[in-house]
Number of protein chains: 2
Amino acid sequence: MISYLEKFKEYLKSKGLKFTPERKIILEEVFLIHTHFDSEILYKKICGRTKKISRATIYRTLPLLTDSELIKEVLQQNGRAYYEHIFGHGHHDHLLCVKCGRVIEFYNKNIEKLQERICNEYDFSPTDHKLGIRGYCKKCKK
Amino acid sequence: MISYLEKFKEYLKSKGLKFTPERKIILEEVFLIHTHFDSEILYKKICGRTKKISRATIYRTLPLLTDSELIKEVLQQNGRAYYEHIFGHGHHDHLLCVKCGRVIEFYNKNIEKLQERICNEYDFSPTDHKLGIRGYCKKCKK
DNA sequence: GTTTTAATTGAGAATCATTCTCAATTAGAA
DNA sequence: TTCTAATTGAGAATGATTCTCAATTAAAAC
Ligand SMILES: [Mn+2]
Ligand SMILES: [Mn+2]
Ligand SMILES: [Zn+2]
Ligand SMILES: [Zn+2]
C-alpha cells in the first residue's frame, strides 16, 4: 500500500526533480479536495489553509501530478481545466447536469469491455479515455 | 430531405436572427471541411476561398451552428476548441492518437444502449455525450 | 419600392487562463 | 559543507476568445 506521497516522491526522483515544500503542500491539498477542482480553487484553498504558493507553481505542479497518475484532467469548461485526484480511486466516467452543474460518477464494466474490443478492432493501443454524458439530472428534468 | 442551409435559415428565423452573407459563407465552408477544424482553420480557409470575414464574426457564428445542431464541438486541445459538422452524419465517437494526432471515428450500438441504461438508473435525461479514447494508433504503437 | 429598426459586422481593445522570464533561493547529491 | 541544477515568485507575455461601438444591413412593415 504505497501512499500518494511516496508515489509522488518516486516519480520526482525518477525524473531527477526535487521534492519541495510547495509540491508537498499542493499534493496534500489535492487529496483533501474530494470534488473536481481547477487551478484557482486549488490556489485559494492553499492560500487559506497553509501558506501562499504562486499560481505559477501550481500550474507547474499540475502536469507533474498528472504524469505521475495521481490526478487526472476530467474536463475543460469555460476555458478552464478541471481535475480530480485518482490515486486510490477506481476509474469512472461522468454524467454532467447542464443546468445545475451536478456531477454524477458511474462505472460500467461492459462499456469498458466494449471499448477494449473496439481498440482491438482498430489495432489501437489505449492509454486512457473519457466518457462524459451531458443532460439534465433528476432534479433539473422537472 | 431538408438541407443544412434550410435548417440554418429556419433556426435563425426561429430566434429572430438574420441570414447574412457572412453566415452563409461560414456555413458553406464548414460543410466543405471534412475533418475536425478550429476557428483559425476556418478563418484561413474562408480568407483564401471567398472573402475576408472577421474572426469575431466566425466566433459569433460557431455557437449558432452548434445550437442549430449543424456542428458539434468534438474536443478541446491546446486551449483551442475543435468542431466537426454533424448534419447528415450519424453520431460517432473517437479514438485519438496521442503521437501522430490521427483521429479514428467509430460507432458502437451496444455502448450507446448501455449509456441509455445508465441514464435510466440515475434518472438522468441525456442531451449528448462524448467518448474519446486516447492512445497509440496502429502505426504509432511500433 | 421605401421606410424603419433591431441585428450584424469589423477593427481593435479587453479579458482571462495559462505559460514564460529571470533573478534569487534551495533540495539533495557528493 | 559545498556545489549545482532545479525551483520559486512576481510579473510580463501569450493566445484564444469575448467585448465594444460606430457604421452597415436584413427583412418586416408599410
Ligand atoms: Mn469524478
Ligand atoms: Mn469526428
Ligand atoms: Zn441538475
Ligand atoms: Zn498515431
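Proteins come first, then strands; the chains are lettered A, B, ... in the order of their sequence lines, and each starts at number 1.
At the phosphate of C:dT18, OP1 or OP2 sits under 4.0 Å from a side-chain N or O atom of A:Y59. Close to D:dA6, at under 4.0 Å from its OP1 or OP2, lies no side-chain N or O of A:K15. OP1 or OP2 of D:dT7 sits under 4.0 Å from a side-chain N or O of A:R23. Within the structure, a side-chain polar atom (N or O) of A:T57 is placed less than 4.0 Å from OP1 or OP2 of D:dG9.
The separation between B:K9 atom NZ and D:dA26 atom P is 13 Å, rounded to whole Å. Between the P atom of C:dA17 and the CG atom of A:L62 lies a distance of 14 Å, rounded to the nearest Å. As a whole-Å value, the separation of B:I58 CD1 from D:dA16 C1' is 13 Å. The interatomic distance linking A:F8 (CZ) with C:dA27 (P) rounds to 15 Å, in whole Å. D:dT7 atom P lies 13 Å from atom CZ of A:F19, rounded to whole Å. Here C:dA11 presents its C1' atom at 11 Å from OH of B:Y43, a figure rounded to the nearest Å. Whole-Å rounding puts the B:L64 CG to D:dT18 P distance at 12 Å. Regarding B:E22, its CD atom lies at a distance of 12 Å from the P atom of D:dA27, rounded to whole Å.
In terms of position on DNA chain C, the residue among A:E40 and B:S54 whose nearest nucleotide sits closer to the 5' end is B:S54. Between B:R60 and B:D38, the residue anchored closer to the 5' end of DNA chain D is B:D38, taking for each the nucleotide with the nearest heavy atom. Checking A:N78 against B:L17, the closest nucleotide of DNA chain C that is more toward the 5' end is the one next to B:L17.
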Mind listing the side-chain donor-acceptor pairs of residues 135-142 of chain A below 3.5 Å, one per line with the distance, residues two or more places apart or on another chain?
| residue | atom | partner | partner atom | Å |
| --- | --- | --- | --- | --- |
| A:K141 | NZ | B:D123 | OD1 | 2.8 |

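Listed candidates were C:dA29, D:dG9, C:dT9. Nearest to the side chain of A:K13 is C:dA29. Of the candidates C:dT8, C:dA27, D:dG9, C:dA27 carries the atom nearest the A:T20 side chain, counting heavy atoms from C-beta on. Closest to the B:K52 side chain, of the nucleotides D:dG9, C:dT18, C:dA11, is C:dA11. For B:K18, the side-chain atoms get nearest to C:dT8 when compared with the rest of C:dA17, C:dG10, C:dT8. Distance from the side chain of A:A81 is smallest to C:dT18 among C:dT18, D:dG9, C:dG10.
Ion pairing between B:E28 and B:K24 holds under the 4.0 Å rule for side-chain N and carboxylate O. Classification of B:E40 and B:K44 as a salt-bridged pair holds, one side-chain N sitting under 4.0 Å from a carboxylate O.
Ring geometry for B:F31 versus B:Y4: interplanar angle under 30°, hence parallel rather than tilted (30 to 60°). Using cut-offs of 30° and 60° for the angle between ring planes, the B:H34 and B:H85 rings count as perpendicular.
A:H92 and A:E84 are linked by a side-chain donor-acceptor pair at a separation below 3.5 angstrom, with hydrogens and angles left out of the test.
Heavy atoms of A:R55 sit nowhere under 4.0 angstrom from any nucleic acid atom.
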